[in-house]
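Report on one structure; see the data block that follows.
Here, residue 1 is the first one in the sequence, and each next residue gets the next number. Just so you know, these numbers use all the heavy atoms, side chains as well, and skip hydrogens, waters and symmetry mates.
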Amino acid sequence: DSHLRLNTRVTSVHHSDRCVCVTTITAGIGRGATREEQFCGRYGILTFSIGVLHDGSLPFQPDLPHWKRDAIHDIRFGHFTKIFMLFNETFWDTSVLYIGRALMPAEGGYPLFQPLGHLLDGKPHLLMAIVSGVDALKVDSQDVGTTRGQLLATLQSLYPGYRAELLDLLIPDWAQDPLYRGSYSYPGVRRGAQLGRLAAAPVGNLFFSGEATSDKYYGYVHGAYTAGVDTANAVMEASCSGTLL
């Protein structure tokens with residue numbers, strides 16, 4: 001599809017009363033070359049994560065109004081990491097949904113595991129560890145070997161004497177990924193779920209969407225889906241009426 005761009009990043013967003021223009025750069029053209037392009041339209045829909053909008057790496061020209069910047073700032077972006085471990089055999093209890101480990105508040109570590117393999121085709125010996133907050137940031141910032149050793153030590157304390165071999169380890173790095181900078185959004189303590197309405201509100205003909213703009217389902221994939229449907233409908237309505245919002 002000639003309208004689809006892969007390996008392409010938006011480097012700036014220009015918006016006015018007449019159109020929205022985004023400047024992009026595409027890598028991997030050949031021999032390390034890049035290509036810069038500009039795309040313009042009557043309306044624009046932005047689905048950047050709140051983490052990207054927080055870090056200030058995306059310039060808007062002109063700047064977004066204060067009320068919009070405040071709404072984006074007041075939405076928090078949490079850290080949540082799922083670590084997938086593939087073993088050569090299953091040694092954990094597959095009759096439970098989660099395997100918990102009691103920890104002291106300052107202890108940190110890996111408090112929660114979820115058996116997965118028995119739910120999948122082929123019954124792979126797959127176990128998932130879940131960490132959040134500062135523990136997720138710690139995992140994202142340390143080397144894989146350190147995380148691997150910590151996980152095996154934790155499982156040894158839960159299942160003394162197990163002999164299974166860890167074959168593979170997958171750690172998604174959402175916090176360090178410049179296209180995400182985190183995992184999920186949630187409203188700040190002083191602001192309620194209505195914050196999503198302000199985050200979703202258009203600035204002229206520049207529309208905003210994504211899970212952070214959902215009133216009911218922020219932080220979840222279906223929040224991103226329902227927000228996308230709502231935003232598409234809003235753009236179609238504005239286009240049919242021939243007006244700018």
With rounding to the nearest 0.5 Å, note down the distance linking CZ in Phe87 to CG in Leu152.
6.0 Å
Are Leu155 and Ile171 linked, directly or through other ILVMFWY residues, by side chains that come within less than 4.5 angstrom of each other?
yes
Gap separating the CG atom of Asp215 from the OG1 atom of Thr226, nearest 0.5 angstrom
9.5 Å
Per the side-chain hydrogen bond (donor to acceptor under 3.5 Å, both in side chains) rule, which among Thr34, Thr26, Thr24 passes with Thr8?
Thr26
Distance check, rounded to the nearest 0.5 Å: Leu198 atom CG versus Thr213 atom OG1?
11.5 Å
Linking I/L/V/M/F/W/Y whenever any side-chain heavy atoms sit under 4.5 Å apart, do Ile75 and Tyr220 land together?
no
Distance (rounded to the nearest 0.5 Å) between Ile83 CD1 and Thr147 OG1
6.0 Å
So which atom in Ile50 and which in Ala212 form the shortest heavy-atom distance, rounded to 0.1 Å?
CG1-CB, 3.2 Å
Tightest non-hydrogen contact, residues Ser209 and Thr231, listed as OG-OG1, 3.0 Å
Distance alone, cut at 3.5 Å: any donor-acceptor contact between the side chains of Glu211 and Ser185?
yes
Within 45° of the axis and under 6.0 Å from the centre of the six-membered ring of Phe208, does NZ or CZ of Lys68 qualify?
yes
Under the criterion side chain to side chain contact (heavy atoms under 4.5 Å, CB included), I'd like the reasoning laid out for Leu166 against Leu151: C-alpha separation, chi angles, the key distance, then a yes or no.
CA-CA 10 Å; Leu166 179 59; Leu151 285 166; over 6 Å; no
Check for me, please, whether Val13 and Leu179 land in the same ILVMFWY cluster - side-chain distances under 4.5 Å, paths through other members count.
no
Any side-chain heavy-atom pair of Ser57 and Arg181 under 4.5 Å
no
With hydrophobic residues grouped by side-chain heavy-atom distances under 4.5 Å, do Tyr184 and Tyr217 end up in a single group?
no
Could you tell me which non-hydrogen atom of Asp93 sits nearest to which non-hydrogen atom of Ser95, and how far apart they are?
OD1-OG, 2.6 Å
Nearest 0.5 Å please: distance from the CD atom of Gln150 over to the OG1 atom of Thr146.
6.5 Å
Do Tyr180 and Tyr186 sit in one hydrophobic cluster, given that two such residues count as connected whenever their side-chain heavy atoms are within less than 4.5 Å of each other, even indirectly?
no
Does Leu206 reach the side chain of Leu64, with side-chain heavy atoms less than 4.5 Å apart?
yes
Minimum side-chain heavy-atom gap Val203-His15 below 4.5 Å:
yes
Only counting residues at least two apart or in another chain, list the ones meeting ring-ring contact (aromatic ring centres under 6.0 Å, His included) with Tyr162.
Phe91
Rounded at 0.5 Å granularity, tell me how far CG in Leu167 sits from CG in Leu169.
11.0 Å
Show the nearest heavy-atom pair for residues Met85 and Met128, with the distance to one decimal.
CE-C, 4.4 Å
Is a donor from one side chain sitting under 3.5 angstrom from an acceptor on the other, for His125 and Glu89?
no
Is the shortest heavy-atom distance from the side chain of Arg69 to the side chain of Asp63 under 4.5 Å?
yes
Side-chain heavy-atom pair Phe113, Trp92 within 4.5 angstrom cut-off:
no
Parallel, tilted or perpendicular: which one describes the rings of His54 and His73, with boundaries at 30° and 60°?
tilted
Compare all side-chain heavy atoms of Phe80 with those of Ile130 and state whether any distance is below 4.5 angstrom.
yes
What is the minimum heavy-atom distance between Leu97 and Pro115, and which atoms define it?
O-CD, 3.5 Å
Taking it one step at a time, do Phe48 and Ile72 satisfy side chain to side chain contact (heavy atoms under 4.5 Å, CB included)?
CA-CA 11 Å; Phe48 300 110; Ile72 292 171; over 6 Å; no
Answer whether the closest heavy-atom distance between the side chains of Tyr159 and Ile99 falls below 4.5 Å.
yes
I'd like to know if Cys21 pairs up with Cys40 as a disulfide, counting it only when the SG to SG distance is below 2.5 Å.
yes
Could you report the tightest heavy-atom contact between Ser183 and Phe77, atom names first, then the distance?
N-CE2, 3.7 Å
